[in-house]
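Accompanying notes for the structure given below.
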There are 2 protein chains.
Amino acid sequence: MRDSFRHRLDDLVASLVNMSDLAAAAMRDATTALLTNGLGVAERVIADDRIVDMARSACESDAHLLLALQAPVAGDLRLVIAAPHSAESLERMGDLAQHVAETVRRRFPREVLPPVLRPRFSHMADIAIDLAHGAAEALRTRSSGLTSSVSDADEELNDLHRSLFAVLEYQDWSYGVGAAVDAVRLSQCYERFGDHALSIVRRATFVETGVMAS
Amino acid sequence: MRDSFRHRLDDLVASLVNMSDLAAAAMRDATTALLTNGLGVAERVIADDRIVDMARSACESDAHLLLALQAPVAGDLRLVIAAPHSAESLERMGDLAQHVAETVRRRFPREVLPPVLRPRFSHMADIAIDLAHGAAEALRTRSSGLTSSVSDADEELNDLHRSLFAVLEYQDWSYGVGAAVDAVRLSQCYERFGDHALSIVRRATFVETGVMAS
């Protein structure tokens with residue numbers, strides 16, 4: 001019974017790690033679609049989002065079943081409690097990648113981003129995807145060793161998001177209101193993707209120590 | 001011991017209901033500041049946000065302590081598990097109200113919203129605040145009877161948010177890029193405020209039934 005419990009806990013963690021990898025890959029592909037105006041890639045990201053959605057639903061059921069049938073304690077209890085919430089964060093990360101891809105599809109064949117913004121978005125995407133890998137690592141190792149580098153990266157992402165407003169408002173922005181609104185919403189996707197990844201790492205700290213990182 | 005446990009559960013619920021009331025009041029006041037360009041009201045909303053932040057932190061500690069010391073089961077267990085996540089949603093709702101107020105302060109003495117958008121935002125605020133009251137009610141009664149009217153209201157809020165983009169992009173928008181970007185970000189505050197309220201109601205369904213509403 002205990003062995004089977006241990007296996008099911010391991011499966012739960014493996015499923016979360018897999019969801020992190022899927023979310024990171026979805027954001028990488030959505031960014032490729034954004035920067036190359038790739039409609040085919042965008043459509044694949046949109047179609048594949050249901051895989052993460054189903055994984056989240058399975059993970060939630062598994063965690064509630066473990067809770068009901070096994071009455072776990074201490075660190076195991078914290079892991080089972082944290083799992084559905086990390087799965088929810090990962091599903092939202094997938095949704096944010098999907099949102100980037102949908103914007104590419106909606107505007108096609110027009111390009112969404114003016115050339116002047118592409119390096120900024122490429123950089124934001126690199127950080128966001130690194131954060132998703134950090135979340136996967138924190139889940140895999142069940143440890144919080146990455147928290148400070150992860151929160152620095154998240155802070156950099158927030159700074160990049162905030163500084164976009166200065167670009168749109170104070171410089172010679174000649175691409176119109178629609179392009180500015182698209183840029184803000186896309187930038188927010190990367191920012192929120194990073195925030196969700198950070199929340200997963202914080203939750204890993206809670207699982208390890210019983211104290212929620214502030 | 002059981003009596004004391006029961007009291008502490010009741011206190012936990014009362015604290016969440018109180019946070020819902022604070023979040024609703026913060027959004028109401030932030031909206032007043034937005035629609036009347038009221039700097040004083042905006043500053044009070046910004047200063048008061050720490051009350052919700054502290055309440056969230058206390059609620060999280062209380063729930064973890066109940067979990068560690070009392071090993072609750074069934075519905076009580078679900079309540080103790082759900083509480084910190086509802087507190088997190090409520091803290092974010094407070095942050096969104098604060099963000100509306102900060103925008104008023106940042107643009108002062110200029111008005112943030114052009115007159116043409118004010119009725120739209122007033123309507124969005126009414127729905128968002130109703131949703132917060134619905135969340136308070138679901139927490140107070142520990143029941144999910146409100147789910148369908150709450151999710152209809154949330155859907156209306158999402159529709160209002162989406163239709164803003166048509167106003168900004170396709171009509172004769174003469175207020176500049178900065179005002180359009182502000183409007184989108186503010187509209188998103190109300191939309192996300194409603195989404196968080198809905199997630200609290202869904203969580204109340206889970207506490208009552210053991211099944212997460214989809």
Side-chain angles (χ1 to χ4, degrees), chain A residues 53 56-57 59-61 63-65 67-68 71-75 77-78 80-89 92 103 106-107 161-162 164-185 187-188 192 195 199 202-203 206 209-214, chain B residues 53 56-57 59-61 63-65 67-68 71-75 77-78 80-89 92 103 106-107 161-162 164-185 187-188 192 195 199 202-203 206 209-214:
Chain A
D53 292 352
R56 180 252 170 120
S57 178
C59 174
E60 204 159 62
S61 305
H64 292 155
L65 208 64
L67 207 51
V73 294
L77 174 61
R78 292 194 297 269
V80 174
I81 288 173
H85 299 286
S86 294
E88 186 180 342
S89 301
R92 291 197 186 161
T103 307
R106 193 180 318 121
R107 301 303 180 214
H161 178 57
R162 275 192 290 267
L164 174 65
F165 298 98
V167 174
L168 299 178
E169 289 175 29
Y170 300 112
Q171 288 189 8
D172 187 21
W173 180 261
S174 57
Y175 305 97
V177 168
V181 167
D182 276 348
V184 167
R185 298 181 80 197
S187 176
Q188 195 150 40
R192 289 179 60 200
D195 283 346
S199 78
R202 284 195 174 130
R203 230 172 267 125
F206 164 68
T209 64
V211 179
M212 200 74 183
S214 63
Chain B
D53 293 351
R56 181 250 171 124
S57 178
C59 173
E60 204 157 63
S61 304
H64 291 156
L65 208 63
L67 207 52
V73 294
L77 173 60
R78 293 195 296 270
V80 174
I81 288 173
H85 299 285
S86 293
E88 187 180 342
S89 300
R92 291 197 187 163
T103 306
R106 193 179 319 121
R107 301 303 180 215
H161 179 57
R162 275 191 290 267
L164 174 65
F165 297 97
V167 175
L168 299 178
E169 288 176 30
Y170 299 113
Q171 288 189 8
D172 188 22
W173 179 260
S174 57
Y175 305 96
V177 169
V181 167
D182 275 348
V184 167
R185 299 181 81 196
S187 176
Q188 195 149 40
R192 289 180 61 199
D195 284 345
S199 78
R202 285 197 174 129
R203 229 172 268 125
F206 164 69
T209 64
V211 179
M212 199 75 184
S214 63

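To find a chain, count down the sequence lines: A is the first, B the second, and so on, and within it residues start at 1.
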Cut-off 4.5 Å, heavy atoms of chain B, and the answer for A/Arg78 is neither
Interatomic distance, CG@A/Leu77 vs NE2@B/His64, rounded to 0.5 Å, equals 9.5 Å
Note: B/Val177 and A/Leu168 closest approach over all heavy atoms is CG1-O, 3.8 Å
Here the pair of heavy atoms bringing A/Val181 nearest to B/Ala180 is CG2-CB, 4.4 Å
Exercise for the section: Side-chain contact test, heavy atoms from C-beta onward, threshold under 4.5 Å: evaluate it for A/Arg185 versus B/Arg185 and give yes or no. Expected result: no
Rounded to the nearest 0.5 angstrom, the CD-CZ distance for A/Glu60 and B/Phe206 is 8.0 Å
- Query: Looking at side-chain heavy atoms only, is the closest gap between B/His85 and A/Glu88 below 4.5 Å?
  - Reply: no
